[in-house]
Each structure stands twice: as C-alpha cells, then as structure tokens.
Amino acid sequence: MENYHSHKHFLPFLCFFLLLLTGQQGVEASDHNHNVNVDGDDRDNDLVYSFYPKKLFVFGDSYSDTGNSDKSKPYKCWKYPYGITFPGKPTGRFSDGRIFTDYLAKFVGVKSPLPYQKWREMGGKGALEYGMNFAYGGTGVFETLLGGPNLTTQIDLFQKLIKQSVITTTDLHSSLALITITGNDYSTFQAKNVSSQDYPSFITAMVDQTCLNLKHIRELGVKIIAVANFPPLGCLPRLTTMTSFQHCSETLNELVNFHNNLLQQAVAKLNNEAEDSSPFLILDFYASFMSIFEKKGDPQGGIEFENLLKPCCVGTSSEYSCGSVDQSGLSKYTICDDPKSAFFWDNLHLTQQGWRAVYSALQPTLYQLFESNGVYLSS
Ligand SMILES: *[C@@H]1O[C@H](CO)[C@@H](O)[C@H](O)[C@H]1NC(C)=O
Ligand SMILES: *[C@@H]1O[C@H](CO)[C@@H](O)[C@H](O)[C@H]1NC(C)=O
C-alpha cells in the first residue's frame, strides 16, 4: 500500500511509537515462541487439558455480531441489501453473507451459535447447543457513539446465564471464546476533538481494559480465549474514500500496529500468569488483511479480488451509505455486480468472500494455535 498523508498530525508521536516498537521486537518474538511451544515436553499436561470444543461463546462488535443489534434502531444490517448472498435476507450480520464467527464456528466443528437476542426472543427456549453470541455491532471496550452493550456488559450477560445454570460448568470446560474489538472505541475517541498526544494513554487504557475482560472470561471457566487483534483501520473504505479507494492511511495503520504490539505483550503476560496452560490466543486480523491486500486475495484458498479497497455497496453521495433510502423510498446506494469480487462490503465491513479469505489466510496459524494449546478439532 502506498503512503497516504491525510493524518499528518499523527506523525510526531508516531515517531515516538516507532522507537518503542523497535525496542520491543525481541520480547515479542520470544513470547510468541513460548505461546506455540506447549506440546514439546509437556505431553501429560497436554493430555489433561486437551479437549474437543463443543461450544463457542462470542463477544465484541459488528465483526462478530450475527444478529444482536436492535432492529428498531437504524442499524443498516437489518435492511436490504445486507444478507443478499446468505441467507438471502438481512439477519443482523453486517455483511452480504456469512462473517468471521460463522467460519470460526465451522472450523471448530460447531454451528454458528445463536445470538443472545434471538434466544431471548424465543423465550430462552432455543438451543444453546453450540454456545452463544453476545457480540453487538457498534460497541467497544468503553462506551461508544453508537451505544450498545460494551464488552464488560456482554460478559456480565454471559455470567448471569452461568449463575442461572443456563450455561453449565461442563459447557464451559469444553468451550472456546472469540472476541473481536475492532475500532468503535477509536472513532468515539476521535470524535472528542482530542490531540495526538492523547493517543498513547488512550490505547494503553484500551489494552488494559481488554485484558481485564479476557481474564474475566477465563475466570468464568472458558478454556481457550481467542482475541482478534486490530485490522488495518487505515485501509477501511471510510478512510480510503478520500483517495478514491486507492491508498491506505499508513499513519493510522502505524497507530494500530502500536496497539497490536501492546496487546500482544499484554496477552503474553496473561499467558505467563496462567499456571496450567496458555489459554489466550491472538488471531492476527492485521496480518491476514495485509496479506490479502498484497496478494490480491488468498491464492491458497483460491480467492481473488477485483476490488481490494473499494467496497461493493456504496452510497451515491457522501451523505448516504450502503442500505440508505431517501424519503420517497428510493435507494441511495449502488451494489457491485458480483459481491464475490470485492473484499469490503460497505464502508467498514467485509463481504462474505472477504471473511472467507481472512479465515483462509488465518487457517494454518489457527491449527497451530489451537493444537499446541491442547484443542483438538473434529473438522
Ligand atoms: C460498560 O457499560 C456499563 C453500563 O453502561 C458502564 O457502567 C461501564 O462503566 C462500562 N464499562 C467501561 C469499561 O466503559
Ligand atoms: C478542538 O481543540 C482545539 C485545541 O485544543 C481548540 O482550539 C478547538 O476550539 C476545539 N474545537 C472544538 C470544536 O471543540
């Protein structure tokens, strides 16, 4: 990706970040090795803690929400053309079809877990056979502009169901958790007229809060907790629209890199503190997005994109976005001929094919991460 200097004011403190980053390379590498190196001498340990995952519990934002956001509010995910590829109508997924949650569920050998909201609408009678999805579009670790339950509140709902024995200890002991927190805290923070010097402490606070949340999920009994790192936010169409979807904002991506490095270190520390195993895994969204941009798809998965940065579904002018209609009900957006040809679906979100590519790019490390931590996959 070429450089795009729309965020010049980030530069002074980015230099500071970059200094920090260079100093941290060594630590990173060795922590990573520690993470994936569990099965060498520790066979017994491995056997004790190994399991076939039976349930998936999901927390986070629109990158993993499969239908929790409020239908009565103007969330576009409940409107046409969301869901046109799968299942053919809107389901509350922020995409034309399946999203990462659906692919990860398939990978661990379960069906995509029911959204918490849907389970409530069913009077709490629906099957919890495959776990539950608490993720809610627009949310973050802190309060966000769009509102909705933050990560802490989502985990509180989970805890309540454990207390009520809707979710049992046996369930938890064969469970995985997925957490995606991918940028709503950032946009909320940016909207506060902050200066560049405010970013380091904000990012540190975000990572600290994320770690508290991860620890809490672990304390509740979930065996393996996979947290996605930040995708390259500087490449989201909302930013690249200023260059007609040609160039990512490298300065914003540097900020994200700083964030991801802090997260990686914090997660390594959590794993060191965990006595029995390394329960926390990072899913490298950043690297997989970047690899797809560089290779124009995921050649190994046979996936190729015509449009890397340009979304499939775009508003006809800056005041409209995908799914917008005017007062007389006329559509104010266009959809590309073939959603499979685009990585991005709307200004912020991926197409089903985009998620398939991310999943495909992550797959080799997923096997490594899970199996080295005693998780055996039936699929
Ligand atoms: C999460 O939301 C709850 C309820 O709105 C709020 O009390 C709490 O302070 C929030 N937590 C964080 C870390 O922002
Ligand atoms: C934003 O912050 C700058 C510098 O602190 C200040 O001069 C400006 O008035 C602020 N703008 C708004 C809309 O608050």
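In this text, all values refer to a predicted model and were calculated from it rather than measured experimentally. Both ligands and their constituent atoms are indexed starting at 1 by order of listing.
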Tyr186 reachable from Phe94 in the ILVMFWY side-chain graph, under 4.5 Å edges: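 No, no single cluster joins them.
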
Inspect the contact between Glu273 and Lys269 and indicate whether a charged nitrogen and a carboxylate oxygen are less than 4.0 angstrom apart. yes

Rest of the hydrophobic cluster containing Leu212 (Ile/Leu/Val/Met/Phe/Trp/Tyr, side-chain heavy atoms under 4.5 Å)?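 Grouped by the 4.5 Å side-chain rule, Leu212 forms a cluster of one, so the answer is none.
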
Could you go through ligand 1 and note, for every N or O atom, any protein N or O atom closer than 3.5 angstrom, writing the atom names and distance to 0.1 Å, or 'none'?
from: ligand 1; atom 1: 2 (O); to: Glu143; atom 2: OE2; distance (Å): 3.0
from: ligand 1; atom 1: 2 (O); to: Asn150; atom 2: OD1; distance (Å): 3.4
from: ligand 1; atom 1: 2 (O); to: Asn150; atom 2: ND2; distance (Å): 2.3
from: ligand 1; atom 1: 2 (O); to: Thr153; atom 2: OG1; distance (Å): 3.3
from: ligand 1; atom 1: 11 (N); to: Asn150; atom 2: ND2; distance (Å): 3.0

Test: Cys322-Cys313 SG spacing under 2.5 Å: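 With an SG-SG separation under 2.5 Å, Cys322 and Cys313 do form a disulfide.
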
Measuring centre to centre across the rings, with the benzene-like ring taken for any Trp, is Tyr136 within less than 6.0 Å of Tyr116? no

Below 30° counts as parallel, above 60° as perpendicular, anything between as tilted: where do the rings of Phe202 and Phe142 land? tilted

